[in-house]
Amino acid sequence: MTSVLEQRSIDTIRTLSIDAVQRANSGHPGMPMGCAPIAYLLFREVMQHDPSDPGWVDRDRFVLSAGHGSMLLYSSLHLTGYEAPTLEDLRNFRQLGSPTAGHPENFLLDAVETTTGPLGQGFANGVGMAIATERLAAEFNRPGHEVVDHRVYGIVSDGDLMEGVSSEAASLAGHLRLGSLTYLYDDNAITIDGGTDIAFSEDVLARFDAYGWHTRRVTDGNDLEALRTAITAAEADPRPSLIAVKTVIGFGSPAKAGTSGVHGAPLGADEIVATKEAYGWTHEEFVVPEDVRDHVDVRERGRQHHADWDARFAAYREAHPDLAAEFERRVVRGELPEGWQDALPGLDGKDATRKHSGAVINALAPVLPELFGGSADLAASNNTDIDGGGNFAAVDDPYATSPAPGQPGAQEAPTGRMGRNLRFGIREHAMASAANGMALHGGVLPYVASFLVFTDYCRPAIRLAALMQARVVYVMTHDSIGLGEDGPTHQPVEHVMSLRAIPGLTVFRPADGDEVVGAWRSAIESDGPSLIALTRQGLPPLGDKPADAVERGAYVLREFGPDARLPELILLATGSEVQHAVGAAEVLGNQGIRVRVVSMPSWERFAAQDRDYRESVLPPEVRARVAVEAGVTLGWERYVGDAGAVVGLDRFGASAPAEQLFEAFGFTAENVTSVAHEVLDALRR
Ligand SMILES: Cc1ncc(C[n+]2csc(CCOP(=O)(O)OP(=O)(O)O)c2C)c(N)n1
Ligand SMILES: [Mg+2]
């Protein structure tokens, strides 16, 4: 039986949510009203968390995948004793400058683990958090010393479970047997357009059973005892768990409960009166009764959990000082190890930049144990494998080793949770979204990979990584028509430029081994996400360059022609086209023209430099400029100006050997030379 105080506490979550949405005159009251008992239990009883220290590393993670129910989270955080959001913040729900944004934003409130709102993303973020949790547990826990002892909880909605990304992520989580993951499904059978029966009729739990999840049903979302029993069973099960909880959207509203009308609109003054009457609620708006405040405040319990952990960590430090020091560096402080850059290789040979990238990953793997990632089934093409690293796998997975057991070398590779390579399967969207969760969890530095063209399948998650400033490294290979015979479906054209359009994402398109090393270095030192676009085909080394060339985004690679005065012409290029700019500059230089070649591996890094540096590379007086990049020309006007020209590709590619395509589409020294002459002639006229 739910006690009176428990009921009043749950109703406080409901009324705060109702009041905040009404006051903002916008928002989603229905979900918090239905899920209040779940949040009450999780935040007050189930989860170990310390409201006084939201960043405590061994806290349980909570993901509100149905981010539209943000008031559920804000109310729960406020009531359990977090400093933010305050009651005033709840009153300022959805207002400019308030941390209580329409959807939960991890950069506005410390206690918000991940930004949610685009349905399905939170689900897959939580899978990534569970991957990070279970990997760190395997790396750091020792018998009698469980310093990584937390779990991931989440609330997911009908919308979350309809989105494809959650299916990908669920399939992966089941395969990996991520037992630290517990999701409660807000099974209210309502979405915006009406009942779920208009579009969603499968047996969801049967689907999750088939994915290898532990599934349960709670038939009454207000039954705390049934919820407790289900959650306890979920925690004990070695599989990830989905608990379908039958709830009523807008619970308590006489006119609107159980309808989509309460999903995303204020109840309205009259209906609020009727609803509060139904709860037996007699207080003014935004009132938290004192006895409720005392009952739900978990600061003392949280401090106790935290203090217990501190004591256990002290014992761990005593028994395993080296591991403890490493844990403090990686997980507590989130710092890179001293001198890690010394492990960066020198790569001055002719090779595909994807191969250079593979060399960097393998050179860094021993000194950066946090580097942890993989590919969506293209590891050999993306060159992302850590050699001899084994596969991250379920502990009892017979294929945990790579190569498989019985094959030469199998026994040397780490197995199970100690495997170093993540096999995401052909699930790009979940891969990228899980990587966000891994990065947000901390203690690991995730990288993920596919063909550049399939960033389209990752894009919603890349955008959120940029918004959240999650440090994920995207290793995206086969970055142009240089991919060749597989043809236009596989040849990115608009991708590099469209990725540059995402604020907060740093895109690198390195031109040789040195630039690949620089790109990786910048990506690892960055606070946010980076994408490295890499070639399938071999590229020649471009020779000496400044040590901070890539860090600066663009730099003067070489100058050609009579003397060192200001150039008459600037050729700008990225990646595989830099060699053709150099080839053209050589020809033009021999014709007596002063030409500068600027390699521009990263627009964002260059834009971040001061004006002096930018103008030293691209002097404003030099208006004759030609950019060369095997992608859409849109955007290059910024650097070539109205007198310049772009050698680009404003159409889809074709299926043919790469050299023939570069030739056919004009990515040759000859064509760049003739375009340069046109630009110079037009300016002279
Ligand atoms: C990817 C994505 N598509 C569409 C939306 C807009 N949207 C917000 S909530 C919602 C569906 C609501 O249904 P459900 O997830 O069951 O939440 P409930 O109404 O039960 O609270 C939609 C379509 C979104 N937030 N994300
Ligand atoms: Mg619903």
Side-chain angles (χ1 to χ4, degrees), residues 13-14 17-18 20-21 24 26-39 63-76 94 101-105 114-126 154-170 183-202 204-205 207 217-218 221-222 242-253 256-267 428-430 432-433 436 456-465 467-468:
I13 296 176
R14 289 178 168 140
S17 304
I18 291 169
V21 172
S26 96
H28 303 78
M31 187 274 192
M33 292 162 77
C35 289
I38 300 172
V63 176
L64 184 71
S65 191
H68 60 274
S70 56
M71 270 310 303
L72 181 74
L73 178 55
Y74 300 149
S75 306
S76 303
R94 296 187 152 227
H103 291 82
E105 309 284 9
T114 178
T115 290
T116 51
L119 291 164
Q121 291 296 330
F123 186 112
N125 293 165
I155 298 179
V156 304
S157 67
D158 297 310
D160 284 310
L161 297 188
M162 288 190 219
E163 288 290 351
V165 65
S166 65
S167 298
E168 292 180 17
Y183 281 159
L184 292 112
Y185 164 31
D186 177 23
D187 184 9
N188 62 16
I190 288 288
T191 63
I192 294 177
D193 279 356
T196 48
D197 55 357
I198 60 175
F200 192 47
S201 46
E202 78 240 24
V204 171
L205 291 191
R207 175 155 69 93
R217 200 178 290 283
V218 171
N222 286 310
L242 184 74
I243 305 170
V245 184
K246 252 297 157 222
T247 61
V248 177
I249 191 167
F251 179 84
S253 161
K256 297 188 174 173
T259 72
S260 53
V262 74
H263 159 86
L267 288 184
E428 295 85 1
H429 196 177
S433 183
N436 289 350
D456 287 342
Y457 279 44
C458 305
R459 197 171 172 100
I462 296 177
R463 181 174 193 271
L464 284 166
L467 176 63
M468 294 192 277

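When a ligand or atom number is given, it counts from 1 through the structure's own listing order.
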How far is atom 19 (O) of ligand 1 from its nearest protein heavy atom, and which residue and atom name does that atom have?
H263 ND1, 2.6 Å

No-hydrogen, no-angle side-chain donor-acceptor test under 3.5 Å, S433 and N436:
no

Please state which option from G159, G67, G117 has its nearest heavy atom closest to atom 24 (C) of ligand 1.
G117

Would you mind counting protein N, O or S atoms that sit less than 2.8 Å from the Mg ion (ligand 2)?
3

Enter the distance from S157:OG to E163:CD here, rounded to the nearest 0.5 Å.
9.0 Å

Note the single closest protein heavy atom to atom 11 (C) of ligand 1, along with its residue, its atom name and the distance in Å.
L119 CD1, 3.8 Å

Under 4.0 Å, heavy-atom basis, I'd like to know which part of E163 is in contact with ligand 1: side chain, backbone, both or neither.
side chain

Need the ligand 1 atom indices (1-based, order shown) with element for anything under 4.0 Å from a heavy-atom of I190.
13 (O), 14 (P), 16 (O), 18 (P), 19 (O), 20 (O)

No-hydrogen, no-angle side-chain donor-acceptor test under 3.5 Å, S167 and R207
yes

Side chain to side chain donor-acceptor pair (under 3.5 Å) between T247 and D186: does it pass, once the steps are laid out?
CA-CA 6 Å; T247 61; D186 177 23; 2.4 Å; yes

Under 4.5 Å between any side-chain heavy atoms of F200 and T191, yes or no?
no

Quick test of your reading of the structure: of I192, T116, D187, whose heavy atom lies closest to atom 22 (C) of ligand 1?
I192

Check: D186 N/O within less than 3.5 Å of ligand 1 N/O
no

Would you say T196 and D158 are linked by a side-chain donor-acceptor pair, where the criterion is simply a distance under 3.5 Å?
no

For ligand 1, which is the ligand I care about here, please tell me if T191 has any N or O atom under 3.5 Å from one of the ligand's N or O atoms.
no

heavy-atom search around atom 15 (O) of ligand 1 in the protein gives S157 OG, 2.6 Å

Looking only at heavy atoms, the pair that brings P266 and K256 closest together is O-NZ, 3.8 Å

For atom 18 (P) of ligand 1, which of M31, M162, H103, H68 has the closest heavy atom?
H68

So do the side chains of S260 and D193 get within less than 4.5 Å of each other, counting heavy atoms only?
no

Enumerate the atoms of ligand 1 whose separation from the nearest heavy atom of N188 is less than 4.0 angstrom.
18 (P), 20 (O)

Counting heavy atoms not belonging to R94, are there more than 12 under 6.0 Å from its CZ?
yes

Assign the ring pair H263 / H68 to parallel, tilted or perpendicular, where the plane angle (0 to 90°) is split at 30° and 60°.
tilted

Tell me the contacting part of I249 for ligand 1: side chain, backbone, both, or neither, using a 4.0 Å heavy-atom threshold, strictly below.
side chain

Does K246 have any salt bridge (charged side-chain N to carboxylate O under 4.0 Å, His left out) partners at least two apart in sequence or in another chain, and if so, which?
D187

Backbone or side chain, does any N or O of P118 fall under 3.5 Å from an N or O of ligand 1?
no

Is the closest side-chain heavy-atom distance between L464 and P118 below 4.5 Å?
yes

